[in-house]
Amino acid sequence: MDGIKKDYVFHRDLKKEYPIITHGEGVYLIDENGKKYLDACSGAVAANLGHGISSIGEAMAEQAKKAAFVHTMRFETKALHALAETIGKMAPNHLNKVYFTTGGSEANESALKLARQFHKDAGRPQKHIVIGRWQSYHGNTIGSLSAGGDVKRRHAYTPNLLNYAHVYSPYCHRCPYDRQKDDCLSKQNWTCVTDIERTILELGPENVSVFIAEPIVGSQQGAVPPPPGYFEKVRELCDRYEIVLIIDEVMTGFGRTGTNFATEQIGIEPDIITFGKGVSAGYAPLAGMIVHERLIDGLIQNSDGKFIHGYTYSGHPVAVAAGLAALDVYKRDRVLENVKEQSSYLFDRLLELKQKHTCISDVRGRGLLIGMELIKDCERDLLFNPSEKAAETLNSIAMELGAVFYPGTGSIDGTNGEHLIISPPLNVMKKEIDEIVRILDESLSIFEGQLRKDEAYEIAK
């Protein structure tokens with residue numbers, strides 16, 4: 001038991017001490033000692049409106065006083081209908097039925113099961129295989145983990161995972177297929193697309209149920225957008241081989257990338273959009289999926305209108321009240337406009353840091369979902385050894401200085417590659433961005449100083 005804290009919490013890391021947060025104010029979190037942390041990652045890219053918005057808490061309390069729980073097999077609430085309508089109107093034209101869950105993992109699990117039932121009941125019972133992408137993340141339930149490509153999370157549970165297929169996510173900065181972006185664009189012949197079709201044909205199109213992808217790869221690659229035209233080609237393949245296309249917008253939805261959904265920017269209409277995080281701005285566990293009318297028609301025609309699936313807390317009244325109140329704040333405070341304005345400013349400031357610091361290899365992203373690749377030395381293109389935990393170390397330095405970011409590893413091949421995500425609340429202001437950049441700048445200077453000392457020590461040995 002040495003090194004384990006003597007309390008009753010099963011901590012994410014049982015050997016780590018965590019600050020105790022007592023409250024939040026705007027983009028800041030405050031711990032029990034009064035220390036302020038600028039939340040430069042919106043928690044896990046979830047607290048999209050920051051902290052301490054009383055109107056959301058009051059809406060939750062009001063709903064709890066009226067009806068804190070109803071089971072959606074028997075009853076529904078006005079809040080459920082109001083939130084579903086609001087989300088449905090934000091989504092692409094033909095996606096207009098909303099199914100609620102409590103988290104993104106459940107949302108993606110639900111989408112995978114819906115696709116399977118849709119095919120089976122339509123007379124395509126062999127369609128069951130899911131194709132996901134390496135260096136993607138879709139959740140931690142067995143189905144969603146099987147579909148995802150987070151190597152580190154998958155390894156411990158390999159015997160339990162489903163036999164799903166994977167292709168590489170496009171990552172033009174370090175193409176896994178050793179292609180050059182200009183060559184791909186000029187020839188309109190991308191290996192990251194042809195590999196999907198090759199995989200479909202090898203598995204047999206009659207066996208493939210789903211292709212699932214994030215529109216911008218989030219936590220596992222660090223905010224990597226697709227090359228232009230990529231998803232149009234993916235949509236064509238899915239149509240050709242009768243494959244349900246699921247776009248996972250758990251991280252990117254509700255204004256994070258500068259539009260209601262990132263799907264608007266990739267120019268396609270998916271069959272299912274999954275969402276979470278930003279829908280309630282982190283005030284309550286809430287997520288779900290928005291489903292295309294052709295799948296709904298299939299359920300009505302072939303499944304007696306029933307989806308063989310459900311959760312106890314699906315459409316929880318207090319959670320949907322939080323979502324409805326959060327979306328009111330998005331609209332009231334013109335959050336989308338702010339994202340567009342602050343995004344270009346934050347990008348410019350981060351590009352300034354890239355010119356200054358030799359460990360920043362790339363700055364990329366959309367809206368206020370921005371990532372930077374970290375390497376030991378840009379001139380030599382020298383990567384960190386995974387054992388050095390570079391991104392985590394940099395974030396620890398930043399936390400000491402009063403800001404928290406979202407570090408990640410394995411962005412290149414699941415093992416190698418370090419990145420940091422900068423994703424402040426969507427109502428962040430310029431003065432707060434300046435503070436984010438100032439702390440990050442100072443953290444990088446300290447971090448690089450430690451690297452130079454370590455390198456000098458190795459040479460001296």
Side-chain angles (χ1 to χ4, degrees), residues 12 18-31 35-60 83 87 101-105 107 137 139 216 218-219 222-223 249-258 260-262 275-288 318-336 338-339 342-343 346 365-371 395 398-399 402-408 420-429 432-433 435-436 439-440:
R12 294 284 287 263
Y18 294 88
I20 303 297
I21 298 299
T22 58
H23 62 292
E25 297 173 357
V27 299
Y28 295 94
L29 292 167
I30 298 97
D31 71 15
K35 181 175 178 177
K36 295 176 74 174
Y37 301 85
L38 204 164
D39 189 358
C41 59
S42 304
V45 199
N48 281 7
L49 296 172
H51 309 279
I53 298 178
S54 58
S55 63
I56 302 177
E58 288 163 4
M60 295 170 69
L83 182 57
I87 294 171
T101 68
T102 60
S105 298
Y137 180 70
I216 296 169
S219 62
E249 294 237 33
V250 171
M251 185 173 284
T252 55
F254 300 96
R256 173 55 63 182
T257 65
N260 287 326
F261 295 98
F275 64 86
K277 295 183 183 285
V279 64
S280 65
Y283 279 76
L286 184 64
V318 178
V320 295
L324 200 56
L327 295 188
D328 282 343
V329 175
Y330 281 114
K331 185 176 180 180
R332 181 195 74 196
D333 294 351
R334 302 164 72 107
V335 166
L336 277 181
N338 190 64
V339 173
Q342 306 303 343
S343 173
L346 179 54
R366 297 273 174 82
L368 288 175
L369 180 63
I370 304 175
N395 187 60
M399 287 186 68
V404 57
F405 298 91
Y406 196 154
L420 197 74
I421 293 177
I422 302 95
S423 52
L426 306 185
N427 46 10
V428 68
M429 304 306 292
E432 295 156 346
I433 288 176
E435 187 176 355
I436 289 170
I439 293 174
L440 184 53

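Note that the coordinates shown come from a computational prediction; the quantities given were computed from them, not determined experimentally. Both backbone and side-chain heavy atoms feed into the values below; hydrogens, waters and symmetry mates do not.
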Note: M399 and K35 closest approach over all heavy atoms is O-NZ, 3.0 Å
Between CG of L29 and OG1 of T22, what distance do you get to the nearest 0.5 Å? 9.5 Å
Check the side chains of S55 and E58 for a donor-acceptor pair under 3.5 angstrom, ignoring hydrogens and angles. no
G104 versus V250, closest heavy-atom pair with distance: CA-CG2, 3.8 Å
Return the minimal non-hydrogen interatomic distance between A321 and A59, and the atom names on each side. CB-O, 3.9 Å
Polar side-chain atom of E432 near backbone of M429 as donor-acceptor pair, under 3.5 Å: yes
Checking the side chain of T102 only, and the main-chain atoms of P285 only, is there a donor and an acceptor separated by less than 3.5 Å? no
Between D31 (side chain) and I21 (backbone), is there a donor-acceptor pair under 3.5 Å? no
On a heavy-atom basis, which atom in P425 and which in R256 lie closest, and how many Å separate them? CA-NH2, 4.4 Å
Is the side chain of E249 donor-acceptor paired with the backbone N or O of A262 at a distance under 3.5 Å, no angle test? yes
Against L426, only a single residue in D333, L336, N48 fulfils side-chain contact (heavy atoms from CB on, under 4.5 Å); can you say which? N48
Side-chain heavy atoms of I30 within contact of E25, under 4.5 Å: yes
So, does Y283 use its side chain to make a donor-acceptor pair with the main chain of I53 at under 3.5 Å? yes
K277 side-chain N/O to A44 backbone N/O, donor-acceptor pair under 3.5 Å: yes
I'd like to check M251 versus S219 (side-chain heavy atoms, cut-off strictly below 4.5 Å). Are they in contact? yes
Are S343 and R366 linked by a side-chain donor-acceptor pair shorter than 3.5 Å? no
Take atom NZ of K331 as the centre, draw a 6.0 Å sphere, and report whether it contains more than 12 heavy atoms from other residues, nucleotides or ligands. no
Between S423 (side chain only) and C41 (backbone N and O only), is there a donor and an acceptor less than 3.5 Å apart? yes
What is the minimum heavy-atom distance between L49 and I56, and which atoms define it? CD1-CD1, 4.2 Å
Distance-only, no hydrogens or angles: does the D39 side chain make a donor-acceptor pair with backbone N or O of Y28 under 3.5 Å? no
Verify side-chain contact (heavy atoms from CB on, under 4.5 Å) between I421 and I370, making sure each step is shown before the conclusion. CA-CA 6 Å; I421 293 177; I370 304 175; over 6 Å; no
Looking at side-chain heavy atoms only, is the closest gap between F405 and I422 below 4.5 Å? yes
Is the number of heavy atoms from other residues, nucleotides or ligands within 6.0 Å of CZ (R332) greater than 12? yes
Value rounded to 0.5 Å, distance of CD1 in I433 from CG in L346: 5.0 Å
Looking at OG1 of T257 and CG of L368, how far apart are the two atoms once the value is rounded to the nearest 0.5 Å? 9.5 Å
State yes or no: are the ring centers of F275 and F254 separated by less than 6.0 Å? yes
Between the side chain of S42 and the main-chain N/O of P424, is any donor-acceptor distance below 3.5 Å? yes
Ignoring hydrogens, what is the shortest heavy-atom contact between A287 and G276? Give both atom names and the distance. CB-CA, 3.6 Å
Without swapping roles, check the side chain of S280 against the backbone of A284 for a donor-acceptor pair under 3.5 Å. yes
Is there a side-chain contact (heavy atoms from CB on, under 4.5 Å) between L327 and I87 once you walk through the steps? CA-CA 9 Å; L327 295 188; I87 294 171; 4.1 Å; yes
